[in-house]
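Lettering follows sequence order; numbering is per chain, from 1. Side chains included, hydrogens not; waters and symmetry mates left out as well; all remaining heavy atoms used.
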There are 2 protein chains.
Amino acid sequence: MPATIRDVARASGVHISTVSRTFSAPHLVNPETRSRVLACADDLGYRPNRAARALITGRTHNIGLIIADIANPFFPPLIKAAESQARQRDYHVFVADTNEDPAAEEELVHALAKQVDGVLLCSPRMSNSLIEQLSREVPLVVINRQVAGLPAVVMDVGQGARLAIDHLLGLGHRDIALLSGPRGSWTSREIRRAAAAAVRAGGGDLTVLGPNLPTETGGTALAEQVRRCGATAVLAYNDLMAIGLMEGLHDLGLRVPGDVSVVGIDDITLSRLTRPKLTTVATPTAAAGRTAVDMLLQHDSPAATRNLRGGGRSSAGDDRRTTAQVMLQTELVIRDSTGPGPRAGRTDGAAGVEHPGPHCPAGPGSPAVATGEVVAS
Amino acid sequence: MPATIRDVARASGVHISTVSRTFSAPHLVNPETRSRVLACADDLGYRPNRAARALITGRTHNIGLIIADIANPFFPPLIKAAESQARQRDYHVFVADTNEDPAAEEELVHALAKQVDGVLLCSPRMSNSLIEQLSREVPLVVINRQVAGLPAVVMDVGQGARLAIDHLLGLGHRDIALLSGPRGSWTSREIRRAAAAAVRAGGGDLTVLGPNLPTETGGTALAEQVRRCGATAVLAYNDLMAIGLMEGLHDLGLRVPGDVSVVGIDDITLSRLTRPKLTTVATPTAAAGRTAVDMLLQHDSPAATRNLRGGGRSSAGDDRRTTAQVMLQTELVIRDSTGPGPRAGRTDGAAGVEHPGPHCPAGPGSPAVATGEVVAS
DNA sequence: GTGAAAGCGCTAACAC
DNA sequence: GTGTTAGCGCTTTCAC
């Protein structure tokens with residue numbers, strides 16, 4: 001039913017290749033012919049079939065974005081940033097949700113492989129070796145995970161966890177619980193590692209609870225365990241769990257931060273709307289989305305388009321993709337869910353016990369704005 | 001780099017058409033040949049190119065889902081339901097976000113058109129005539145809007161608004177404000193129409209504020225206006241705005257529901273986590289997603305596959321798509337953000353002033369479970 | 001049961 | 001500046 005290039009050619013009395021050129025290289029066709037063709041095309045409601053075009057050019061101008069869980073408010077800012085960045089480069093983004101299911105991830109990469117020029121794999125739950133294998137099928141950029149040999153952008157959650165723990169220690173907490181994230185999460189491992197080290201260094205005690213579903217429900221379900229383990233402060237894998245935990249503690253009759261302090265990670269919008277407002281580690285999600293798109297599209301510089309005209313050979317040498325790994329800084333945002341612990345006052349190092357304000361920059365001397373930093377190339 | 005059908009043919013010593021059959025109609029090929037081909041394919045890491053296949057079969061086995069704003073927690077349940085329903089029918093869903101921008105909607109439909117077998121247009125902001133025109137390019141199912149001649153699934157927000165207003169009236173409120181939604185929203189118009197009628201019937205007074213951005217920020221920004229207009233109860237276009245409004249009122253020193261009662265629409269997860277918990281109109285979003293997928297795929301019944309074998313001609317007659325419009329029921333969920341108004345006690349009709357419980361079914365006699373109801377066909 | 005040939009809608013050399 | 005020809009990776013008659 002929809003018009004094809006042949007219909008337009010027939011209607012405008014030119015060869016199909018002229019019609020083709022009218023759309024893909026307009027400057028190569030006589031202005032008069034061009035406008036005639038355009039008129040006919042418009043008339044017939046013709047639009048080039050991108051899939052057919054891709055078959056021969058090898059470029060779809062689409063990019064895939066695979067997300068563990070669209071319902072997690074952590075992701076939308078990343079998705080939107082990726083989309084707007086892609087749009088600027090004349091690409092479209094197709095998002096797909098895996099429901100935290102590793103099998104669905106693999107399945108989706110395969111499904112997307114031939115319909116996109118590359119895929120952004122966000123917070124994957126599958127194994128490194130599988131990711132590596134899939135990367136041979138379609139260009140991949142991994143987000144929130146480091147895989148040897150693959151371009152990646154991660155947030156420095158290790159640093160974030162450290163800041164959070166130091167904040168807690170500084171407030172006089174000694175018994176700290178960590179609500180870990182889902183099995184297979186790189187982020188969760190990094191947090192755990194950093195938190196353990198920081199607690200040890202501060203002479204405290206860390207209880208790890210998990211792995212868990214990174215949702216409110218997951219957090220709520222842990223309230224009882226948190227009480228039993230005797231922790232006076234908790235660091236959660238993400239804000240959702242932290243918020244769920246606060247609910248659960250509330251139902252148990254425990255006060256936040258009176259009885260237990262809670263820190264989240266991500267700084268989702270919601271964390272500013274709870275009562276008490278959540279202290280959390282802000283991660284630069286939008287920047288991550290933008291950066292990932294740029295890394296995926298780095299070889300497709302606007303220059304390539306310019307090079308098409310004239311006999312100048314297009315630079316074939318820069319096809320080599322540099323597989324950089326970018327790490328984005330995080331910062332601690334202190335709000336109302338953290339307060340003095342049992343050893344408050346006895347504190348001898350660390351930061352002051354009083355809240356420095358609603359939006360305090362990370363560690364001493366660290367920049368207030370999260371910036372990208374190339375770690376390896 | 002990736003292996004093509006020709007590579008597999010060469011490796012297994014058969015013609016490419018045999019390889020093709022091995023994947024698309026295995027029962028037509030000799031078991032021995034088949035396993036040999038499969039082995040070679042596996043060896044080479046061959047996977048059929050879905051795009052190329054689509055070019056000739058005309059079916060991509062993908063469906064597009066265009067969403068106004070992924071960050072709005074109203075949508076994820078719908079997206080997930082659509083995805084799981086699609087997966088069951090062996091389809092993949094590509095989601096795209098338009099940022100509430102009508103131009104982006106059109107652009108995306110075009111981009112998706114040839115890469116999917118149909119698109120689900122969710123809460124479109126563009127004009128009906130444009131939608132109709134686009135529907136000639138690719139099969140469309142509209143969600144949250146009724147467009148003449150097009151299949152659609154909508155929630156009965158009119159009924160929801162009526163329930164909400166009656167609840168408020170019953171509590172003794174007379175001056176009611178309506179926070180309307182974004183320009184171009186069908187839902188917003190329906191809500192307004194129904195709310196106006198219900199308020200009038202109840203002898204109350206309705207002030208309409210808007211149009212607005214359907215976000216927390218949008219709601220917060222309206223707190224001042226709500227106070228000035230003297231309303232003691234507010235119905236918001238959605239939960240996000242209602243929650244934002246509660247924040248704004250709180251900052252103004254007004255108590256909810258003490259000074260003003262607030263009702264939202266959607267019943268997003270978040271509405272159970274605010275303090276006070278939000279009274280709201282629950283909409284069956286998951287059901288909407290499932291239903292929309294079913295409507296889009298109705299002509300592609302599993303029977304079609306069965307018909308392939310044998311000489312039995314596939315039923316060509318049922319290609320005619322029935323353009324049904326489905327309307328899903330809504331229900332009022334009474335929580336803690338609504339309370340007695342200035343005329344409490346003087347009430348003579350309607351529901352009692354006391355909260356009937358945390359999860360009360362809609363109107364008197366209406367079913368507790370939202371069910372689909374075909375309104376036209 | 002398998003091969004040969006045509007062709008889906010389009011682009012990319014190459015002639016003229 | 002435009003037409004010709006080949007062919008992207010695959011499916012689908014049609015012979016055999």
Side-chain angles (χ1 to χ4, degrees), chain A residues 1-38 41 44-61 110 113-115 117 137-138 304-305 307-309 311 313-314, chain B residues 1-37 41 44-61 113-115 117 137-138 305 308-309 311 313-314:
Chain A
M1 188 93 277
T4 104
I5 201 175
R6 236 171 298 264
D7 301 326
V8 179
R10 203 173 307 125
S12 47
V14 296
H15 191 88
I16 60 162
S17 53
T18 302
V19 178
S20 172
R21 277 189 281 260
T22 304
F23 286 94
S24 46
H27 56 100
L28 289 183
V29 46
N30 183 311
E32 291 177 18
T33 325
R34 191 199 308 158
S35 56
R36 185 154 41 91
V37 170
L38 251 20
L44 297 169
Y46 168 76
R47 316 207 116 240
N49 182 328
R50 305 175 117 250
R53 173 183 288 177
L55 196 55
I56 188 158
T57 60
R59 344 224 62 250
T60 61
H61 267 246
H110 286 140
K114 294 302 193 316
Q115 334 210 24
D117 296 340
E137 195 172 334
V138 57
T305 309
N307 281 345
L308 279 182
R309 62 170 223 77
R313 65 207 188 306
S314 66
Chain B
M1 190 91 277
T4 103
I5 199 175
R6 236 171 298 265
D7 300 326
V8 179
R10 202 172 309 124
S12 48
V14 297
H15 191 88
I16 61 163
S17 51
T18 302
V19 179
S20 172
R21 277 188 281 259
T22 304
F23 286 94
S24 44
H27 56 100
L28 290 182
V29 47
N30 183 310
E32 292 178 20
T33 325
R34 191 199 307 158
S35 55
R36 185 154 40 93
V37 170
L44 296 169
Y46 168 77
R47 316 205 115 239
N49 182 328
R50 304 175 118 248
R53 172 183 288 176
L55 196 55
I56 188 159
T57 60
R59 344 223 63 251
T60 61
H61 267 247
K114 294 303 192 314
Q115 333 211 25
D117 296 340
E137 194 172 334
V138 57
T305 310
L308 280 182
R309 62 172 224 75
R313 67 205 186 305
S314 68

| message | Quick check for you: to the nearest 0.5 Å, what is the distance between Thr4(A) atom OG1 and Arg47(A) atom CZ? | response | 15.0 Å
| task | Would you give the length of the straight line joining atom CD1 of Ile5(A) to atom CG of Leu44(A), rounded to the nearest 0.5 angstrom? | result | 12.5 Å
| request: Counting Watson-Crick and G-U wobble pairs whose two distances are both under 3.5 Å, find the runs of 3 or more in a row that involve DNA chain D. | output: C:1-11 with D:6-16, C:13-16 with D:1-4
| said: Measuring only between side-chain heavy atoms, which start at C-beta, is Pro26(A) closer than 4.5 Å to Arg34(A)? | reply: yes
| Close side-chain approach of Val14(B) and Val19(B), heavy atoms under 4.5 Å | yes
| said: Between Val8(A) and Val37(A), does the side-chain contact (heavy atoms from CB on, under 4.5 Å) criterion hold? Intermediate values first, please. | reply: CA-CA 7 Å; Val8(A) 179; Val37(A) 170; 4.0 Å; yes
| query | Would you say the side-chain atoms of Ser20(B) pair up with the backbone N or O of Ile16(B), donor to acceptor, closer than 3.5 Å? | reply | no
| chain A on DNA chain C: first and last contacting nucleotide, 5' to 3', under 4.0 Å to a heavy atom? | dC8(C) to dA13(C)
| query | Sub-3.5 Å donor-acceptor pair from the side chain of Arg59(B) to the main-chain atoms of Asp117(B), do we have one? | reply | no
| message | Please report the interatomic distance CZ(Arg6(A)) to NE2(His15(A)), rounded to the nearest 0.5 Å. | response | 8.5 Å
| What distance, rounded to whole Å, do you find between the two P atoms, one in dT5(D) and one in dA6(C)? | 15 Å
| task | If a protein heavy atom is under 4.0 Å from the base, mark B; if only from the sugar-phosphate, S; if neither, -; do that for nucleotides 8-16 of chain D going 5' to 3'. | result | BBSBBB---
| Reported CG-to-CZ distance for the pair Asn30(B) and Arg21(B), which is rounded to 0.5 angstrom | 12.0 Å
| said: Ignoring hydrogens, what is the shortest heavy-atom contact between Thr60(B) and Lys114(B)? Give both atom names and the distance. | reply: CG2-O, 4.0 Å
